[in-house]
Amino acid sequence: MTLLLDLHELTRTFAAHRALNALTLQVPQGLLGLLGPNGAGKSTLLKILMGLIAPTSGSGRVLDVPLGGDRDTRDNWRLRRLIGFMPEADALVPGMKGIEYVALAGELYGMPRKQALRRAHEVLTYLNLDEARYRNVEDYSAGMKQRAKLAQALVHDPPVLLLDEPTSGLDPAGRDTMLKLIRELGDLHGKSIILSTHLLADVQAVCERVVIIAGGELRGYGAVAELCARRDDRYRVRVAGDKYDFEDALEAVGIKPLRPSPPREVRLVLPPGRSALDLFRIAAECGVGIRAVLRDDVSLEELFLRATAEVPVPEAA
């Protein structure tokens with residue numbers, strides 16, 4: 001099976017700054033979330049995948065098309081036809097009608113003018129912008145502008161979509177509509193999608209797999225469901241009393257509390273040889289009451305926080 005991404009020791013430096021550091025990753029086709037703090041290297045990775053900049057060293061492929069070197073190589077032109085890019089920035093052109101804007105994008109992707117215009121009509125209709133196609137794009141609402149940017153990414157019918165913060169600036173209804181469209185493009189139309197966002201809930205809502213990078217390095221990768229699976233050794237303990245005294249007492253006997261945790265609740269991992277009954281004894285010794293002991297799920301937020309704190313996240317299949 002052809003991989004969506006097949007990267008080996010991919011590195012990119014800018015003078016003394018290393019934006020990507022020996023990134024090695026193999027990702028099957030599907031819906032992928034790309035997470036990382038500001039300066040993590042996400043934008044650099046997207047530019048390399050589109051053939052806009054070359055890696056300093058290492059190699060990679062997108063759907064078996066090699067990442068090229070200079071901007072004018074044949075492989076880079078193949079990459080640009082293979083990929084549709086929806087930027088975070090407001091890339092609309094004032095004074096252009098919606099149909100003109102999307103058709104122009106089709107021509108820039110190499111489509112003949114008539115074909116680009118026909119496809120622009122089709123895509124705008126699909127995205128419920130058919131009644132607004134002859135209005136100037138600067139007059140669109142925030143939701144319409146985001147869908148117009150998605151339309152220009154779809155106009156040449158690419159197998160891969162790179163979406164950079166696609167729900168930025170949207171109200172809850174507009175966000176739900178955009179996420180539904182993204183999921184539909186993957187599930188019903190067979191698009192492979194790389195969703196780059198700061199909104200962890202968006203990734204959890206639509207993505208099958210997630211990549212977490214920080215400091216230009218891979219910090220976590222795997223299926224969202226497996227990374228966030230419930231584990232038998234993780235607990236949430238609801239307490240009455242000083243939770244910090246309880247945390248100190250746990251640490252003193254080798255039980256590590258997990259942070260962050262909600263108020264009046266302690267999250268922890270029980271080491272081998274310990275049971276939940278030990279928690280009641282430790283709580284009683286430090287004058288804290290236990291109201292409930294619950295199994296704990298790993299949240300995507302916790303995985304992200306661990307990555308940004310430079311603690312490696314275990315890889316899942």
Side-chain angles (χ1 to χ4, degrees), residues 4 29-34 46 49-52 62-63 65 76-171 173-197 202 205-207:
L4 170 59
Q29 296 178 47
L31 282 76
L32 175 72
L34 178 61
L46 294 181
L49 297 181
M50 289 188 290
L52 298 178
V62 179
L63 292 187
V65 175
N76 279 351
W77 282 108
R78 290 173 64 196
L79 284 172
R80 293 173 204 179
R81 292 188 177 98
L82 189 74
I83 293 171
F85 177 56
M86 177 182 175
E88 177 184 8
D90 192 353
L92 304 176
V93 182
M96 295 191 75
K97 296 178 173 59
I99 189 67
E100 296 170 338
Y101 170 71
V102 178
L104 174 62
E107 291 185 65
L108 293 175
Y109 281 117
M111 300 173 70
R113 185 181 183 86
K114 287 185 178 180
Q115 182 186 1
L117 186 60
R118 183 177 70 250
R119 275 287 300 169
H121 282 288
E122 293 171 357
V123 172
L124 288 170
T125 297
Y126 173 71
L127 296 176
N128 294 318
L129 286 173
D130 47 332
E131 293 184 2
R133 70 185 75 192
Y134 295 115
R135 288 169 53 188
N136 284 2
V137 291
E138 67 267 26
D139 297 329
Y140 284 4
S141 66
M144 293 165 68
K145 287 179 178 178
Q146 290 297 91
R147 279 180 282 149
K149 290 195 294 183
L150 180 58
Q152 63 80 29
L154 281 169
V155 66
H156 60 304
D157 196 22
V160 181
L161 293 172
L162 302 186
L163 310 181
D164 194 0
E165 301 288 354
T167 62
S168 176
L170 299 183
D171 60 23
R175 176 176 170 271
D176 288 345
T177 297
M178 179 60 71
L179 293 177
K180 181 180 177 182
L181 281 169
I182 293 170
R183 189 83 207 191
E184 187 176 282
L185 288 167
D187 291 346
L188 300 183
H189 299 282
K191 304 293 185 187
S192 287
I193 296 172
I194 300 175
L195 174 63
S196 177
T197 181
D202 286 4
V206 302
C207 294

Excluding sequence neighbours, so at least two apart, what forms ring pair (Phe, Tyr, Trp, His ring centres under 6.0 Å) with Y109?
H156

Return the set of residues passing ring pair (Phe, Tyr, Trp, His ring centres under 6.0 Å) with H121 (not counting sequence neighbours), or none when no residue passes.
none

What residues form a salt bridge (charged side-chain N to carboxylate O under 4.0 Å, His left out) with R133, not counting sequence neighbours?
none

Of all residues at least two apart in sequence or in a different chain, which pass the salt bridge (charged side-chain N to carboxylate O under 4.0 Å, His left out) check with D187?
R183

Return the minimal non-hydrogen interatomic distance between [X] and [Y], and the atom names on each side.
X	Y	answer
D202	L195	O-CD2, 4.1 Å
L179	V206	O-CG1, 3.5 Å
L170	G174	CD1-O, 3.6 Å
N128	R147	O-NH1, 3.3 Å
S196	P166	O-CD, 4.2 Å
M86	A153	N-CB, 4.1 Å

From CA spacing to verdict: side chain to side chain contact (heavy atoms under 4.5 Å, CB included), L49, V160:
CA-CA 11 Å; L49 297 181; V160 181; over 6 Å; no

Rounded to the nearest 0.5 Å, what separates atom [atom1] in [X] from atom [atom2] in [Y]?
X	Y	atom1	atom2	result
E165	T197	CD	OG1	4.0 Å
I193	L31	CD1	CG	4.5 Å
M50	L162	CE	CG	6.0 Å
D176	L181	CG	CG	11.0 Å
L104	M111	CG	CE	12.0 Å
D130	I99	CG	CD1	10.0 Å

Across all chains, not counting sequence neighbours, the side-chain hydrogen bond (donor to acceptor under 3.5 Å, both in side chains) partners of E100 are none

Do side-chain atoms of [X] reach the backbone of [Y] as a donor and acceptor pair under 3.5 angstrom?
X	Y	value
E122	V155	no
S192	G30	yes
K149	L92	no
R80	L52	no

Under a 4.0 Å threshold between the charged nitrogen and the carboxylate oxygen, would K191 count as salt-bridged to D157?
yes

Test: ring-ring contact (aromatic ring centres under 6.0 Å, His included). Region: residues 126-153. Which pairs qualify, not counting sequence neighbours?
Y126-H189

[X] versus [Y]: any side-chain heavy-atom pair under 4.5 Å?
X	Y	answer
R81	R78	no
I194	L4	yes
L63	Q29	yes
P159	L82	yes

Side chain to side chain contact (heavy atoms under 4.5 Å, CB included) assessment of L150 paired with L163
CA-CA 8 Å; L150 180 58; L163 310 181; 4.0 Å; yes

Report the C-alpha distance between L129 and M144 in whole Å, list the side-chain angles of each, state the deciding distance to 0.1 Å, and finish with yes or no for side chain to side chain contact (heavy atoms under 4.5 Å, CB included).
CA-CA 7 Å; L129 286 173; M144 293 165 68; 3.8 Å; yes

